Amino acid sequence: MGVYPDIVVEAKNLVKSYNGIPAVKGINFVIRARECVGFLGPNGAGKSTTVKMIYCFLPITAGELYVLGLDARRHQRSIKSQVGVVAQEDNLDPELTVKENLLLYASYFDLPGRVAQQRAEELMNFIDLKDKASTPVEELSGGMKRRLAIARALLNNPKLLILDEPTTGLDPEARRLIWEKLCQLKERGVTLLLTTHYMEEAAYLCDRILIMDEGQILAEGSPGELVNKYIGKEVIELAPVQEAQAEKLVAALASKVLGYQLVGETLFLYSNNGRSIWQDISGRHRYLRHQILRPATLEDVFLKLTGRGLTK
Amino acid sequence: MRLEISHRTWKVFWRNFVVFRKTWLANIMFNFVEPLLYLGAMGLGLGAYVPSIEGLTYLQFIAPGIIASSAMWATASECTYDSFTRMHYQKIYHALVVTPISLEEIVLGELLFGTFKGVLYGTVILLVEAALGLILSPLSLLIPLVLALSCFTFAELSMIWTGLVPKIDTFSYYFTLIITPMFLFSGVFFPVQAMPSFARGLAFSSPLYHTVELVRPLALGQATSTAWLHILWLVGFSVLFFYPPIYLFKHRLLK
């Protein structure tokens, strides 16, 4: 039972199947108050399915799920009234203005008129859309729409804000602006849960990351912890490298290499002492077309855990 | 089966109404042109060759049926094309269902809004016909109430189709196979008694037939003893077809 007031979401052996085909295969996780947790994984990993169960959109196939201490199978209205949701696809009222969108949505949560007015003003300030108050939503840019969707999800002062791929399809500048707003929410103590397949987004925003693939959680930890635990400080990429050649190379560098991965003809060497390896290699293997020494990232973690990249 | 239905249904209705307020003038103008074309072409054009029906001129005969059928068309298009657009393209149902509003309330709110539009459009036609001197009785003030009941049945039928269809194009089947035949064979343009018995049976199973049978006497000020039967039929239909659209939308959206 979610008896600890500190625990916002708790899943035990959570399963979701669509017509007998499992999409989420018995996962366990906990989200604590004031945390920003990210589900990171490629399309079809089960991230969206998981968060849709949390915001009571999809029925649970098996297992247990508690949101704000409430059973997600039974107390859906109560959970929905305390959670904010930014869905993956825009679902604003396109014919209405920015302000009308906010006021209408506030009414769904039974906010009294004056409170709704006040919240709408505050939130339009927060998302920098004050001067667009009377602009119909269909005339807004993609980034503005997404910011409005975030403002709408904050009307009810949610204890948990869920964002399903909040920046997918946005240009880099609009994405930065969304990140900035989410960071401000974090500072205010809002518990955030987001899904993403952008590792830099997960690394930038999240205190803790759950890496998902094929309906399972493969690893869990802070971005730094995950990179340290699975990879090390640096990665060296070499290509083209054949399998036999790779084994020989790794054997020769055994003392300095923490692990390696051969994906196609690209060899990834993981190390805490990349510079030293780099010197060893660059003298002897000039024939390699592709040689890079770079800091390790979450993408490397994902690659190591699944044998493939986050984006296909 | 437990239905989650509360006052929140009206929030869904209100949402659609707020959007409708933005476009209502254009909407209403457009929609009452077509019924008037029918009145003109059939009532005056064809009517010139038709001897009186049940003691009425042809124009007087079809005028009440046009009220009922306009209401039907308005509800049917609201609860098919417009509802489907809200659900499928604008994802409005998704936005609503993550708030304390339930899916049952969304479907019922849509049914009520479709009903409202039918009543509104039917009433506009009623007013136009009254201005043209085609409405003979103050009993016609009761017509909007009849329309409210019958439009609810049209809304249910349409939402069943909306809950089923994969693509917006598929609505043409609904209009070709259900709405248009109802429009033509429910006693709007001629008494159904003139048709062969199997066709009369089909007419009897159409909510529009019962609506026309209620609206015409009200417009003409004729008392009928069978009114209660038609009301009962429409109430029964509403009750029977209340759950199927809810079931279909639950299975469509919340898998």
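Quick note on labels: first sequence line is chain A, next is B, and so on, each numbered from 1. Since the structure is predicted, the reported quantities are computational estimates derived from the model, not experimental observations.
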Which pair of non-hydrogen atoms, one from B:A95 and one from A:R152, has the smallest distance, and what is that distance? CB-NH2, 3.7 Å
So do A:D90 and B:K91 actually touch side chain to side chain, heavy atoms under 4.5 Å? no
Side chains of A:Q76 and B:V97 in contact at under 4.5 Å (non-hydrogen atoms): no
Would you say A:K159 has more than 12 foreign heavy atoms packed within less than 6.0 Å of its NZ? no
Is atom CD of B:E4 surrounded by more than 12 heavy atoms (other residues, nucleotides or ligands) closer than 6.0 Å? yes
Quick one: what part of B:T23 sits under 4.5 Å from any heavy atom of chain A, side chain, backbone, both or neither? neither
In this structure, are over 12 heavy atoms from other groups packed under 6.0 Å from A:R34 atom CZ? no
Minimum heavy-atom distance B:I101-A:K80, with the two atoms named: O-NZ, 2.9 Å
Best-contacting candidate, A:L58, A:V85, A:D93, against chain B by heavy atom pairs under 4.5 angstrom: A:D93
Ion pair check, B:R21 and A:E100, cut-off under 4.0 Å: no
Find the distance between CG (A:N91) and CE (B:M87) and round it off to the nearest 0.5 Å. 14.0 Å
Segment of B:K11 engaging chain A (4.5 angstrom heavy-atom cut-off): both
Measure distances from A:E95 to the heavy atoms of chain B and classify the residue's part below 4.5 Å as side chain, backbone, both or neither. both
side-chain contact (heavy atoms from CB on, under 4.5 Å), that's the test. Do A:L96 and B:R15 meet it? Break it down for me. CA-CA 10 Å; A:L96 304 181; B:R15 185 257 159 220; 5.6 Å; no
So, the part of A:L92 with a heavy atom under 4.5 Å from chain B: the answer is backbone
So which residue, A:P59, A:A87, A:G84, ends up with the most heavy-atom pairs under 4.5 Å with chain B? A:P59
Using non-hydrogen atoms and a 4.5 Å limit, figure out which bit of B:R8 sits close to chain A: side chain, backbone, both or neither. side chain
If you take all heavy atoms of A:F57 and B:L254, which pair is closest and at what distance? O-CD2, 3.4 Å
Backbone N/O of B:T99 and side chain of A:Y105: donor-acceptor pair under 3.5 Å: no
Would you mind checking which part of A:D110 comes under 4.5 Å of any heavy atom in chain B, side chain (CB onward), backbone (N, CA, C, O), both or neither? both
Which portion of A:Q82 sits near chain B, non-hydrogen atoms under 4.5 angstrom: neither
Of the listed A:A153, A:A149, A:S107, the one with the largest count of heavy-atom pairs under 4.5 Å with chain B is A:S107
Chain B heavy atoms under 4.5 Å from A:K16: which part of the residue, side chain, backbone, both or neither? side chain
Give the C-alpha distance, both sets of side-chain angles, the deciding distance and a yes or no for side-chain contact (heavy atoms from CB on, under 4.5 Å) between B:W14 and A:L104. CA-CA 9 Å; B:W14 182 248; A:L104 195 60; 3.9 Å; yes
If you draw a 6.0 Å radius around OH in A:Y18, do more than 12 non-hydrogen atoms from other residues or ligands fall strictly inside? yes
Smallest separation among heavy atoms of B:P100 and A:R77, with atom names: O-NH1, 2.7 Å
